[in-house]
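One structure is given below, encoded as structure tokens.
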Protein chains: 2
Amino acid sequence: MSDIPDLTAHTGYLLRMVSNAVSQKFARDVEGEGVTVAEWAMLRSLYGSDATTPSDLVRKMGMTKGAISKLADRLLDKGLIARTGSNRGQSLSLSPAGAQRVPILAALADQNDAAFFTVLSGEEHKQLRDLLHGLIKTHGLTTMPVD
Amino acid sequence: MSDIPDLTAHTGYLLRMVSNAVSQKFARDVEGEGVTVAEWAMLRSLYGSDATTPSDLVRKMGMTKGAISKLADRLLDKGLIARTGSNRGQSLSLSPAGAQRVPILAALADQNDAAFFTVLSGEEHKQLRDLLHGLIKTHGLTTMPVD
DNA sequence: TCCGTGAGGTTGACTAGGAAACTACCATTT
DNA sequence: AAATGGTAGTTTCCTAGTCAACCTCACGGA
């Protein structure tokens, strides 16, 4: 009577378990470079596209404008980005130091991903990616994960 | 020279995007029941196994003991759990009200999972679960996802 | 027996983010 | 020109975690 099904029956549960493992490992890695995952996400977003506004980042990163504002403050303190323009309609860009750091962090991201998923065969890896792409498409997901 | 590969090339990125979507939707759902995801996770852990200690939950849920302590406080305030025993070596259990709430929340979890993954064919769904189980096994993942 | 060690729990300081109030500026309308 | 509305950013308050310092007690050894 009224058994509560095993939680692990949920695909979302499995997904979260794996996803958390990947993310937490990556979080520790980038922390070693003195940067949080959210900070990395912002740096990455600024890379290659100069003149990005905070509100662009709000859309891309799916965070509130309050959070973006503070995040930018932190990166500014660390000297990794520059803020130009005044109160309204400003624009953010990587500082030289920031631009330098991005490839290093990107390499970490590559390594982290490879380390986790190379246990899959090429075929399996492709299957997984296809399935995820399918879910992303049918649910219309767009916001980049930040946490 | 030194192109930064597209982030979306990372399987971990895709995984996180999908996982976040599932989790955020579920978070909103349970919030409608006046409970956070972490609270739900604790309730669920207490269900069916009486006499669980906080340190058990630390292990199961992968949170620090500080967090578990405060989480238990909140559930206590809401009247969903009971705390017995003294300062050291206490044990936590569901209150009647808490035991009543679990099936409702479990139903939400079922619905949420179903809603997200039924766009997959039976075969695809099985593939996905098999792949995730494989990753969980080879990486020895055990901590239940809470966020 | 009594002491010390260390595990179980709590607490306080700190961090990152969300929500909403607030500020500043621009454009449009009158 | 003045008022008004809307968009961009900031700030304040709140929540939920971590971390580390701290209490309390059980138990093992001298």
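Lettering follows sequence order; numbering is per chain, from 1.
Relative ring orientation between B:Phe26 and B:Trp40 is described as perpendicular, the plane-to-plane angle rising above 60° on a 0-90° scale split at 30° and 60°.
The salt bridge (Lys or Arg N to Asp or Glu O under 4.0 Å) contacts involving residues 69-80 of chain A comprise A:Glu39-A:Arg74, A:Glu39-A:Lys78, A:Asp73-A:Arg83, where partners must be two or more places apart or lie in separate chains.
As a whole-Å value, the separation of B:Lys78 NZ from D:dT15 P is 11 Å. Atom CG in B:Asp77 sits about 11 Å away from atom P in D:dA16, given to the nearest Å. Here D:dG17 presents its P atom at 13 Å from CG of A:Asn20, a figure rounded to the nearest Å. Here D:dA16 presents its P atom at 18 Å from CH2 of B:Trp40, a figure rounded to the nearest Å. If you take CD of B:Gln90 and C1' of D:dT24, they are 12 Å apart, rounded to a whole angstrom. Remark: C1' of D:dT15 and CG of A:Asp147 are 16 Å apart, rounded to the nearest angstrom. Taking atom CG on A:Leu57 and atom P on D:dT10, their separation rounds to 12 Å, with Å as the unit. Rounded to a whole Å, the CG atom of A:Leu92 is 13 Å from the C1' atom of D:dT10.
Between A:Ser55 and D:dG9 there is a side-chain N or O to OP1 or OP2 distance below 4.0 Å. The shortest distance between the side-chain N/O atoms of A:Arg83 and the OP1/OP2 oxygens of D:dT10 is below 4.0 Å.
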Open item on the list: How would you summarise protein contacts on nucleotides 15-24 of chain C per nucleotide, using B for base, S for sugar-phosphate only and - for none, with heavy-atom distances below 4.0 Å?
Closed with: -SBBS----B
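Here the side chain of A:Ser45 pairs a donor or acceptor atom with the backbone of A:Ala41 at under 3.5 angstrom.
Between B:Phe117 atom CZ and A:Thr138 atom OG1 the span is 10.0 Å, to the nearest 0.5 Å.
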Open item on the list: A:Lys60 vs A:Asp56, test: salt bridge (Lys or Arg N to Asp or Glu O under 4.0 Å). Steps then yes/no.
Closed with: CA-CA 6 Å; A:Lys60 263 201 239 181; A:Asp56 284 343; over 6 Å; no
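More than 12 heavy-atom neighbours from other residues, nucleotides or ligands sit within 6.0 angstrom of CD on A:Glu33.
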